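Written out below as structure tokens is the structure these notes cover.
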Amino acid sequence: MKGFKTMSSSRRLTLLGCALLSAIAAPLHAATLTVMQNEAPRSMDPGNQTATFTATVLDPMYEGLLKMSPELTLEPALATSWSSDASGLVWTFKLRSGVTFHDGTPFNADAVVANFARHLDVKRGLAASGRLRTFIDSVTKVDDATVVFKLKKPYPAFLNLLTTGACLMVSPTADKSGTLDSKAVGTGPYKMVQYKTGEYVLEEKYPGYWGKSAGPDDIKWTWSAESSVMNMALQAGEADVINPVPPQFAKQLQNNPKFKLHESPGASVFWVALNTQLKPLDDVRVRQALNFATDRDGLVRAIMSGFATPANSPLAPVTPGYDKTLNPYPLNVEKAKALLKEAGYPNGFSMSIAVQGADARIGQVLQSMWAKIGVKLDVRQMESGVWTKAAFADQAGKKADGTGAILASWSSGVNGADLQLRPLYYSGSFAPGGANLGFFSDAKLDNLLDTAASTLDVNARNQLYVQAQQEINLQAPQVLLYYQNDLYATGAGVSNVWMIPGGNVIVKDAHK
């Protein structure tokens, strides 16, 4: 890679590992739970980020009107009850009394209205707002303990969405001060003590919490893009939980009685977003060629050590509406070459891909695969924050940088197909306002997604999503890679940790 100074890999890992383990081992209360993940949090504001591993850090500090139980059912949180009218367009929520934010601001109807007003305001530009503006018309106060949501159209995933990042309640006082990106202020059982950029986030129990909290006294979050460091931290007892488990170490941990490896079907889809506005990727034949040249089974073996499934759809198998019969791009190098020739690129072409450090190996494997059809892939490895800027740059920014592709993953958890497809492929979701990183626009797909999102009949809705999957595969705005199994590990003495499909590990009730 360009731009990296030469240092032996073993020495680099040793130095990095020692530095990280030293930071983790800093004196803390004995009841501290330490969690290590593979990337740093992107914001302390749940409404200004869409990253799974940031959501895990924020989960102990924030709450929504509803919450997801370990059985993946909806339960009351800051709302005690809710109901809708016959149309499904008007929803009334009764709010919990006696709740305060960590800065002392009262939680009430005014706070709920203020929280959704910031997302409905297009001028704010918060990262997670776009999905709410699609279907929420207004949020109004009836009295201090009652709010009413009016939807633009029926939206079956509405209640599920209220458990996710954009709908988690932040202190209106902190929001007005403009400090939320660096200082979390929610109503959750834990409050933020310190966020040391590049090193850790420390959370401690909030003494004024309205409910019961059976978790550890403190939770410390650390991170490393180096898989060896994550494994070493768990093995050395310097991390109580690691998420996700680097797949190359999974079998080793699975066979060690000192640790517990937790594996389950995941909701995360790994894919390459292609810049459909940049030549030659604006030609569907070129995009299809890249798909035919991708050995997904080989990727799963080489990258995931078998702890993943080759992707055949932009939806994960755990998502309602997923079509397991799809097989649009079996490996076919000759077909790929023929499509490139037909498109006017018989000798291939050059393009770039932006990858995070943890995903560099995937970029290198794709580089080797696509070289067989003459595609010269420039793998641009980036630190997480730099990658985020590159990935969510607008059309002009990506064109200026010559960014042809972004290697990414996305999970809607258990919140439905619309939250998987709309942010990534809808015409109104172009980056930076949404996660349509390749600026793909297709009127047929837009209509399918809009119709499905307001279709209340489950079978009819899922049939529309089948058609949407077929259309996306045909137009190939991406190269699908694989579905990652959820893998996290704990020390044998750690319990009450659980996972929402897609990688969101819940540790606020952990026992150590």
Side-chain angles (χ1 to χ4, degrees), residues 38 227 244-254 261 263-274 281 284-319 321-340 348 351 353 355-356 358-377 379 405-411 420 424 466 469-470 472-487 501-503:
N38 67 357
S227 57
V245 171
Q248 64 267 43
F249 299 113
K251 283 187 169 60
Q252 174 187 340
L253 293 173
Q254 196 172 40
L261 177 73
E263 180 184 7
S264 56
S268 293
V269 182
F270 277 71
W271 89 107
V272 175
L274 301 175
L281 299 171
V284 67
R285 295 168 295 186
V286 172
R287 303 195 298 266
Q288 290 173 342
L290 293 175
N291 275 276
F292 277 119
T294 303
D295 181 1
R296 293 164 184 79
D297 291 299
L299 269 171
V300 168
R301 289 192 302 270
I303 302 297
M304 294 302 297
S305 302
F307 290 97
T309 305
N312 69 324
S313 162
L315 291 183
V318 298
T319 306
Y322 164 78
D323 185 354
K324 65 180 180 181
T325 69
L326 297 174
N327 185 26
Y329 297 104
L331 179 62
N332 191 332
V333 173
E334 294 308 312
K335 175 69 172 176
K337 289 180 178 178
L339 282 166
L340 285 186
M351 63 177 286
I353 185 170
V355 305
Q356 298 186 78
D359 297 329
R361 176 64 179 147
I362 304 175
Q364 293 162 3
V365 173
L366 290 174
Q367 186 181 56
S368 176
M369 289 178 180
W370 294 354
K372 295 176 182 177
I373 61 170
V375 174
K376 301 174 183 65
L377 185 63
V379 180
I406 304 290
L407 177 60
S409 64
W410 187 271
S411 169
Q420 184 71 30
L424 306 184
V466 168
Q469 291 164 78
Q470 293 170 341
I472 292 169
N473 280 348
L474 176 66
Q475 298 300 328
Q478 83 295 295
V479 177
L480 294 169
L481 301 180
Y482 53 79
Y483 310 117
Q484 179 174 290
N485 292 354
D486 287 333
L487 290 172

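Not measured: the values here are computed from a predicted model.
With a 4.5 Å cut-off on side-chain heavy atoms, N38 and S227 do not count as touching. In this structure, the side chains of S313 and D323 stay at 4.5 Å or more apart for every pair of heavy atoms. When side chains are defined from C-beta on, I303 does not count as touching P247, because their heavy atoms never get closer than 4.5 Å. You'll find the side chain of I472 reaches within 4.5 Å of the side chain of Q478, heavy atoms only. Using a 4.5 Å cut-off on side-chain heavy atoms (C-beta onward), P314 and W271 make no contact. Side-chain contact check for K337 versus F292: every heavy-atom pair is 4.5 Å or farther apart. Using a 4.5 Å heavy-atom threshold, the side chains of V355 and R361 count as separate. R296 places a side-chain heavy atom less than 4.5 Å from the side chain of V479.
The side-chain contact (heavy atoms from CB on, under 4.5 Å) check on A289 picks up A336, L339, L340, with sequence neighbours excluded. By the side chain to side chain donor-acceptor pair (under 3.5 Å) test, Y329 is found to be paired with no residue, residues two or more places apart in sequence or in another chain being considered. Residues passing the ring-ring contact (aromatic ring centres under 6.0 Å, His included) test with Y482, sequence neighbours excluded: F270.
Without hydrogens or angle criteria, N473 side chain to N312 main chain gives a donor-acceptor distance under 3.5 Å. Put simply, the side chain of S268 gets close to the backbone of G502: a donor and an acceptor are under 3.5 Å apart. Under the 3.5 Å distance criterion, the side-chain polar atoms of S368 are left unmatched by any main-chain donor or acceptor of Q364. Proximity of a side-chain donor or acceptor of Q248 to a complementary backbone N or O of S305 within less than 3.5 Å is not detected. Between the side chain of Q484 and the backbone N or O of M304, no donor-acceptor pair lies under 3.5 Å. Side chain of Q420 to backbone of T319: no donor-acceptor contact under 3.5 angstrom is found. For the pair Q288 (side chain) and L474 (backbone), a donor-acceptor distance under 3.5 Å is present.
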Run the numbers on L331 and D297 for side-chain contact (heavy atoms from CB on, under 4.5 Å), then give the verdict. CA-CA 9 Å; L331 179 62; D297 291 299; over 6 Å; no
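To the nearest 0.5 angstrom, D295 atom CG is 6.0 Å from R301 atom CZ. The CD1 atom of I406 sits 11.5 Å away from the CG atom of D359 when rounded to the nearest 0.5 Å. Here the CD1 atom belonging to I353 is positioned 5.5 Å from the CG atom belonging to L377, to the nearest 0.5 angstrom. A distance of 11.5 Å separates CD in Q254 from CD in Q252, rounded to the nearest 0.5 Å. Note: L274 CG to N291 CG = 7.0 Å, rounded to the nearest 0.5 Å. Interatomic distance, CG of L481 versus CD1 of I362, reported as 6.5 Å (0.5 Å rounding).
The shortest non-hydrogen separation linking L480 to A311 is CB-CB, 3.9 Å. Residues I373 and A293 come closest through the heavy atom pair CD1-CB, 3.6 Å. Across all non-hydrogen atoms, the minimal contact from A250 to L261 is O-CD2, 3.5 Å. Nearest heavy-atom pair across G266 and V318 is O-CG2, 3.6 Å. Nearest heavy-atom pair across D486 and G503 is OD1-N, 3.2 Å. In terms of heavy atoms, V379 sits closest to G363 at CG2-O, 3.5 Å.
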